Amino acid sequence: GDSVTQMEGPVTLSEEAFLTINCTYTATGYPSLFWYVQYPGEGLQLLLKATKADDKGSNKGFEATYRKETTSFHLEKGSVQVSDSAVYFCALIGGGSNYKLTFGKGTLLTVNP
Amino acid sequence: NAGVTQTPKFQVLKTGQSMTLQCAQDMNHEYMSWYRQDPGMGLRLIHYSVGAGITDQGEVPNGYNVSRSTTEDFPLRLLSAAPSQTSVYFCASSPRGPDQPQHFGDGTRLSIL
């Protein structure tokens, strides 16, 4: 079945540091890939997505590139801010589905001033 | 635009009690789903629905029932609450399509004593 593996947290960075959160996947067909963010006490929000190989999703300074050859979708940001502190989830909808999301376990990011 | 609305936000139950978590969306989305979020486990799919009158089981369906009589509403019922069901529950909805992100409610924090 489909699965998503993302790096274990927690991750603690200083403001303006570079961020990478690794995500790899196993899926049938050609999945769509997503990053969601969950701020404290809130539900999940879509951060970015990519729907085919070599697509780059971007939003709020975050980027991730759909790499089919390495089955990866790593999240990056060049300069993190305190307000980026949250839990980040990598997720996919497998090629055989129109709906069902499969999530990674989440990575807690804390950014210190 | 209300999006996905979950009620209640917090609830404490005693073992053996029953209750219904409410979820409503006003975006005319076909797909709705329920997840539970537990520490270190990410989000796990409980039940989902691809349209009114159609429901199916997800990864962890035991102890929960759902129904989908209208497009807008997708309630989750706990028939006889157990301490293992202590969790944060999220409802989500999306339009049809493998590239469509899901929209999440703010969650219901449920404690079973």
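All of these numbers come straight from a predicted model, not from anything done at the bench. These values consider heavy atoms only, across backbone and side chains, with no hydrogens, waters or symmetry-generated copies. Per chain, numbering begins at 1; letters A, B, ... match sequence-line order.
Of the possible polar contacts, one joining the A/Y36 side chain to the B/Q102 backbone as a donor-acceptor pair under 3.5 Å is found.
Between the NZ atom of A/K100 and the OH atom of B/Y31 there is a distance of 7.0 Å, given to the nearest 0.5 Å. To the nearest 0.5 Å, atom CG of residue A/L46 and atom OG of residue B/S94 are 11.5 Å apart.
The local environment of CD in A/E42 is crowded, with over 12 non-hydrogen atoms from other residues, nucleotides or ligands closer than 6.0 Å. In A/Y39, the OH atom is crowded: over 12 heavy atoms of neighbouring residues, nucleotides or ligands sit closer than 6.0 Å. In this structure, B/R44 places its CZ atom where more than 12 heavy-atom neighbours from other residues, nucleotides or ligands lie under 6.0 Å away.
The part of A/Q38 that comes within reach of chain B is its side chain, from C-beta onward, which places non-hydrogen atoms under 4.5 angstrom from that chain. Contact of B/Q37 with chain A is made through the side chain alone, with heavy-atom distances under 4.5 Å. Contact of B/L45 with chain A is made through the side chain alone, with heavy-atom distances under 4.5 Å.
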May I have the step-by-step check of side chain to side chain contact (heavy atoms under 4.5 Å, CB included) for A/L101 and B/L43, ending in yes or no? CA-CA 10 Å; A/L101 266 175; B/L43 277 80; over 6 Å; no

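A single hydrophobic cluster is seen to contain both A/L47 and A/L19, as judged by linkage of ILVMFWY side chains at heavy-atom distances under 4.5 Å, directly or through other members. Hydrophobic clustering places A/Y25 together with A/Y88 (ILVMFWY residues linked when any side-chain heavy atoms are closer than 4.5 Å, directly or through intermediates). Residues B/Y64 and B/Y48 do not share a hydrophobic cluster, defined by chaining ILVMFWY side chains whose heavy atoms lie under 4.5 Å apart.
Ranked by heavy-atom pairs under 4.5 Å with chain B, the first of A/E8, A/K49, A/Q6 is A/K49.
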